[in-house]
Amino acid sequence: MSLTQESELLRLRKEKLNYWKSQAIDPFGGPYPDTQPIEAIITTFVENVSVRIAGRILSIRDMGKSFFAHLQDQSAKMQIYANPQSVGQEAFNQLKHLDIGDIIGVEGECFLTKTKEKTVRVKSWQLLSKSLRPLPSKWHGLHDVEARYRQRYLDLIMNPEVKKVFFNRSQIIKEIRHFLHQKGFIEVETPMMQTLAGGAAANPFKTFHEALGIPLYLRIAPELYLKRLLVGGFEKVFELNRNFRNEGISRKHNPEFTMLEAYCAYGDYRSMAKLLEELIVHVAQCVFGTLQFPVSKHLAENKMVDLTPPWPQKPFREVLSEAIGKDWFALDEAEKRKVAMEFEIEAKEEFTESDIARHLFEKLVEARTIGPLFVTELPADLVPLAKQNKLKPEFVDVFELIVNGQELAPGYSELNDPIVQRERLEKQVGEEKQKIDEEFLLALEYGMPPAGGIGMGIDRLTMLLTGQESIRDVILFPLLRPKEEK
RNA sequence: GGGCAGAUAGCUCAACGGUAGAGCAGGUGCCUUUUAAGCACUUGGUUCAGGGUUCGAAUCCCUGUCUGCCCA
C-alpha cells in the first residue's frame with residue numbers, strides 16, 4: 001500500500017495514455033456495438049468464421065512477431081492472436097503497447113492453434129478503455145477475503161465461480177417472480193421507510209425526514225403493509241425486496257437482506273406450505289436442474305439436501321419432544337428450566353417459558369435439521385401475527401420451513417381478527433419497546449379476508465442453492481466497516 | 001459483547017530476535033501458433049498503526065484499526 005510504489009506503477013500506466021494520444025487513439029473510446037458473446041462463439045465454434053468481440057485482457061503472451069492474449073467478456077474468455085500480416089504492421093505495433101486489464105474490441109476470424117485452442121485471428125482491433133491499475137496475479141487470483149468484498153469488481157474479474165453465484169442469484173430471483181406471476185400474484189412495492197417498524201421482532205435503523213420533521217425507520221418487514229393490500233382487495237400479492245435489521249453481523253446475517261413475502265387471500269398456512277414447496281422446487285429445477293444440494297459443512301460433511309417433494313411436516317411439540325426426550329408442554333416451569341440447564345441453554349430470569357422453548361428449538365432442532373422439514377403449530381406467544389389453532393388455542397396455525405440447519409421460510413394462517421390482533425400486539429408491546437401500528441389495526445377492522453402468508457430469505461435460499469457458507473458470498477456488496485483514512 | 005486466527009511488494013505467499021525474499025504482475029532486450037510461454041537483465045517495501053522490551057524487532061509484549069471463524 002505504499003504511496004510511492006503505487007505511484008510508480010500508476011505513473012508508467014499513465015505514461016501510456018500519452019502514447020495512445022500520440023497515436024491519435026482515444027484511450028477511453030468507444031462505442032463498440034454488435035459484438036457477440038464469447039461463450040456463444042466457443043460453443044458453436046466454426047473455423048474461418050468472422051466474429052466481433054469485446055472484453056478485458058486477462059493475460060498477454062508477446063512472442064515478438066506473434067502476439068497472444070486472453071480476452072474476457074461477461075460470458076467467458078477466449079484467446080486472440082495477431083501477427084503483422086493479420087492486422088497490418090502499424091496496428092500490430094500498437095497492439096503490443098496494450099496492458100493486462102485494458103478493455104478492447106476485436107474483429108477477426110476463428111481458428112484453432114496447434115494445441116487446438118479456439119482462437120480469434122485479429123484483423124482489426126480498437127482500444128476501448130485503458131486500465132491504469134494492475135490486476136491481481138493471473139495465476140493466484142484474488143484470495144484476500146476483505147479485498148474481495150471491498151473491491152468486488154476485482155473478485156468478479158478474477159474469480160469466475162464468484163460471478164457464477166451472482167448469475168445464479170439473478171436467475172433464482174427471476175424464476176421466483178416468474179412462478180408467482182404465473183400463479184396470479186401481483187408484485188407490489190410498499191414503504192421501506194416507515195413511521196413505525198412493525199411486522200417482526202427486530203431492532204430497526206432510524207433515520208429522519210427533514211421536511212416533515214419526523215423520525216422514520218427502515219422497514220424490518222413489509223408485512224403490515226401487504227396485509228393492508230389484502231384489506232384493499234388485492235388477493236394475491238408479493239413483494240421481493242430489501243429489509244433492514246439493526247443487529248449483529250455474522251455468517252448468516254447482513255444488516256440489509258432480501259426477503260420475499262407473499263400473501264394469498266382465502267388460503268391458510270397449509271396452502272402456503274404447498275405453494276412454497278412448489279416454488280422452491282420450481283426454482284431449483286429451472287435454474288439448477290436438480291433437487292440435490294450439498295449440506296453446509298457446518299452441519300454435516302458430504303451430505304445432500306434432497307428437495308424432492310412432498311416435504312415432511314411435524315408439529316413443534318413433536319420435534320421439540322424428540323429433541324429433549326420428554327413432552328415439553330407437560331413440564332412445569334421448574335422442570336423446564338432444568339431441561340434448559342441440561343442442554344446448556346441460557347435461561348435468564350426474565351426469559352419466559354416460550355423464550356426458553358424457542359432457544360431449545362433453535363439449538364436442538366433448527367441447527368441440526370438438514371430438512372426440508374415443515375415444523376408446524378408453534379406456541380402462540382412466539383408468533384403474534386398468526387391465527388390460533390381452533391382445537392389447541394395455545395398453538396398457532398403456522399409453519400417454519402427448516403432446510404440446511406437454518407430457518408428458510410415461515411408461513412402463517414394470517415390473523416385477521418382485529419380484536420385478537422390488538423390484544424396480541426399489546427402484549428408484545430408490553431414485553432418490548434414497540435408502538436402499536438394503529439393504522440394497521442384500523443385497516444383490519446374494515447375486514448381482511450382469511451389469508452395465508454409466507455416470507456422467505458432470498459439470501460439464504462441462494463446460499464443453499466449455490467452452496468455458499470456465508471451470506472457475504474451471495475450479497476454483492478456486504479456491509480463492512482469503512483477503512484480508516486491514512 | 002466474548003474467544004481464537006490473520007494483516008509483509010500491485011497480487012499470492014516466505015522469512016519467527018541478527019542485512020526483508022520468491023513466483024506472478026511491472027520495466028529493457030530477444031523470439032511468427034504461445035498458453036502458469038521461454039531466456040537474459042532489472043525496478044519495486046513506513047513488514048496495518050502507535051507505544052514498549054532489546055545492542056538489535058516483520059518476529060517478543062501492550063494498545064488500537066480492519067478482516068475471518070466460533071460463541072452470546
Side-chain angles (χ1 to χ4, degrees), chain A residues 1-16 19 47 57-72 77-89 92-93 95-102 108-122 131-151 154-155 157-159 203 247-254 296-299 340 344-348 351 355 358-359 362-363 367 405 468-473 478-486:
Chain A
M1 277 293 173
S2 156
L3 290 173
T4 51
Q5 174 58 13
E6 205 166 65
S7 65
E8 173 65 13
L9 287 167
L10 262 163
R11 188 181 58 77
L12 285 161
R13 289 231 172 176
K14 281 181 177 163
E15 268 174 21
K16 293 206 179 174
Y19 168 78
E47 280 193 84
I57 298 172
L58 282 192
S59 62
I60 291 174
R61 292 171 296 286
D62 179 359
M63 305 179 54
K65 293 198 174 62
S66 264
F67 180 94
F68 294 88
H70 272 106
L71 209 61
Q72 175 171 269
K77 66 180 172 187
M78 184 174 191
Q79 184 166 259
I80 59 171
Y81 166 77
N83 63 23
Q85 288 77 50
S86 75
V87 284
Q89 190 64 53
F92 184 74
N93 292 344
L95 191 66
K96 294 177 67 147
H97 286 83
L98 287 170
D99 285 316
I100 292 173
D102 290 350
E109 286 173 1
C110 293
F111 77 105
L112 289 172
T113 62
K114 280 179 185 167
T115 52
K116 305 292 178 207
E117 175 155 358
K118 293 166 182 173
T119 305
V120 177
R121 182 183 286 106
V122 181
S131 172
L132 298 181
R133 300 230 177 221
L135 286 181
S137 151
K138 66 180 173 190
W139 183 245
H140 293 101
L142 183 68
H143 284 293
D144 180 76
V145 182
E146 187 176 350
R148 284 184 44 231
Y149 297 149
R150 288 193 197 275
Q151 295 182 278
L154 293 179
D155 194 23
I157 291 168
M158 300 310 297
N159 300 319
N203 199 22
E247 288 162 6
I249 296 177
S250 78
R251 197 169 60 80
K252 297 178 184 177
H253 301 87
N254 194 61
S296 165
K297 68 175 169 34
H298 296 273
L299 180 58
E344 295 174 348
I345 301 293
E346 205 180 2
K348 290 184 196 156
F351 280 15
D355 289 333
R358 165 59 89 176
H359 286 122
E362 281 172 2
K363 184 171 173 183
Q468 298 304 307
E469 299 283 359
S470 169
I471 197 168
R472 295 184 199 92
D473 291 321
L479 184 66
L480 299 179
R481 219 181 256 277
K483 277 216 146 166
E484 64 175 326
E485 306 247 341
K486 283 184 184 173

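Lettering of chains follows the sequences in order, A, B, ..., and the numbering in each one begins at 1.
With hydrogens and angles ignored, the 3.5 Å screen pairs a side-chain donor or acceptor of A/Asp102 with a backbone N or O of A/Ser131.
Side-chain atoms of A/Leu58 and A/Ile157, non-hydrogen and from C-beta on, do get closer than 4.5 Å to each other. Counting heavy atoms from C-beta outward, A/Asn203 and A/Glu247 have side chains that approach closer than 4.5 Å. With contacts defined as side-chain heavy-atom distances shorter than 4.5 Å, the pair A/Asp355/A/Arg358 does not qualify. Contact of the A/Leu479 side chain with the A/Asn254 side chain is registered, since non-hydrogen atoms from C-beta on lie closer than 4.5 Å.
Comparing B/C60 with B/U47, their P atoms are spaced 16 Å from each other, to the whole Å. B/A9 and B/G50: their P atoms are spaced 16 Å apart (whole Å). As rounded to the nearest Å, B/G38 and B/A57 have P atoms that lie 40 Å from one another. For B/U59 and B/A14, the C1' atoms lie 13 Å apart once the distance is rounded to whole Å. Spacing of C1' atoms, B/U53 relative to B/A58, comes out at 16 Å, to the nearest Å. If you take atom P in B/C16 and the same atom in B/G64, they sit 29 Å apart, rounded to whole Å. Annotation: B/C30 and B/U67 have their P atoms spaced 48 Å apart (nearest Å). On the P atoms, B/G56 is 15 Å away from B/U19, given to the nearest whole Å.
Nearer the 5' end of RNA chain B, as judged by each residue's closest nucleotide, is the contact made by A/Pro136, out of A/Pro136 and A/Ile249. Nearest-nucleotide positions on RNA chain B for A/Lys65 and A/Lys363 put A/Lys65 closer to the 5' end.
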Practice prompt. Run the numbers on A/Ile471 and A/His253 for side chain to side chain contact (heavy atoms under 4.5 Å, CB included), then give the verdict.
Written response: CA-CA 7 Å; A/Ile471 197 168; A/His253 301 87; 5.8 Å; no
Item to complete: I would like to know whether A/Arg148 and A/Asn159 meet side chain to side chain contact (heavy atoms under 4.5 Å, CB included); could you show each step before the answer?
Response: CA-CA 10 Å; A/Arg148 284 184 44 231; A/Asn159 300 319; 4.1 Å; yes
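If you measure from atom NE2 of A/His140 to atom P of B/C11, you get 14 Å, rounded to the nearest angstrom. The distance between atom CZ of A/Phe68 and atom C1' of B/G38, rounded to the nearest whole Å, is 13 Å. Following rounding to the nearest Å, A/Leu135 (CG) and B/A25 (P) show an atom-to-atom distance of 12 Å. A/Leu154 has its CG atom 10 Å from the P atom of B/U12, to the nearest Å. Distance, A/Tyr149 OH to B/G6 P: 19 Å, rounded to whole Å. Taking atom CD of A/Glu15 as the reference point, atom C1' of B/U43 lies 13 Å away to the nearest angstrom. Following rounding to the nearest Å, A/Gln151 (CD) and B/C66 (P) show an atom-to-atom distance of 18 Å. Atom CD of A/Glu247 is separated from atom P of B/A72 by 16 Å (rounded to the nearest Å).
A/Arg481 has a side-chain polar atom (N or O) that falls below the 4.0 Å cut-off from OP1 or OP2 of B/C66. Considering only side-chain N and O atoms, A/Arg251 lies nowhere under 4.0 angstrom from the phosphate OP1 or OP2 of B/U67. Distances shorter than 4.0 Å separate some side-chain N or O of A/His298 from OP1 or OP2 on B/C70. When the side-chain nitrogen and oxygen atoms of A/Arg148 are compared with OP1 and OP2 of B/G68, none of them lie within a distance under 4.0 Å.
Closest to the side chain of A/Arg121, from the set B/C11, B/U32, B/U33, is B/U33. With B/G68, B/A25, B/U34 as the choices, the nucleotide that has an atom nearest any side-chain atom of A/Lys114 turns out to be B/U34. You'll find that the side chain of A/Pro84 is closest to B/U32, out of B/U32, B/A25, B/C11. Here B/A36 is the nucleotide among B/A36, B/U32, B/C24 with the atom lying nearest to any side-chain atom of A/Trp139. Each of B/U34, B/C69, B/U32 was ranked by its minimum atom distance to the side chain of A/Ser66; first place goes to B/U32. Distances from the side chain of A/Glu146 to the nucleotides B/C66, B/U34, B/C69 place B/C66 closest. Each of B/U33, B/U32, B/U12 was ranked by its minimum atom distance to the side chain of A/Phe111; first place goes to B/U33.
When heavy atoms are screened at a 4.0 angstrom cut-off, A/Gly248 is found touching no nucleic acid atom at all. Among the atoms of the strands shown, only primed sugar atoms or phosphate atoms (P, OP1, OP2) are found under 4.0 Å from some heavy atom of A/Leu480.
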Worksheet item: Just the dot-bracket of RNA chain B, please: which string comes out with Watson-Crick or G-U pairs under 3.5 Å, [ ] for crossing, | for another strand?
Response: (((((((..((((....[..)))).(((((.......))))).....(((((..]....)))))))))))).
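Using bins of under 30°, 30° to 60° and over 60° for the plane-to-plane angle, the ring pair A/His97/A/Tyr19 lands in the parallel bin.
The base of B/U33 has none of its N or O atoms less than 3.5 Å from a complementary donor or acceptor on the side chain of A/Glu117. The base of B/U67 has none of its N or O atoms less than 3.5 Å from a complementary donor or acceptor on the side chain of A/Arg472.
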Return the polar atom pairs (N/O with N/O) between nucleotides 26-30 of chain B and the protein under 3.5 Å, or none.
residue, atom, partner, partner atom, Å
B/G27, OP1, A/Lys16, NZ, 3.2

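The two atoms that bring A/Tyr149 and A/Ser470 nearest to each other are OH-OG, 4.4 Å, heavy atoms only.
Side-chain polar atoms of A/Gln85 and A/Arg121 form no donor-acceptor pair below 3.5 angstrom. Between the side chains of A/Gln151 and A/Asp155, no donor N or O sits under 3.5 Å from an acceptor N or O.
Contacts of A/Glu469 classified as side-chain hydrogen bond (donor to acceptor under 3.5 Å, both in side chains), with partners at least two apart in sequence or in another chain: A/Ser296.
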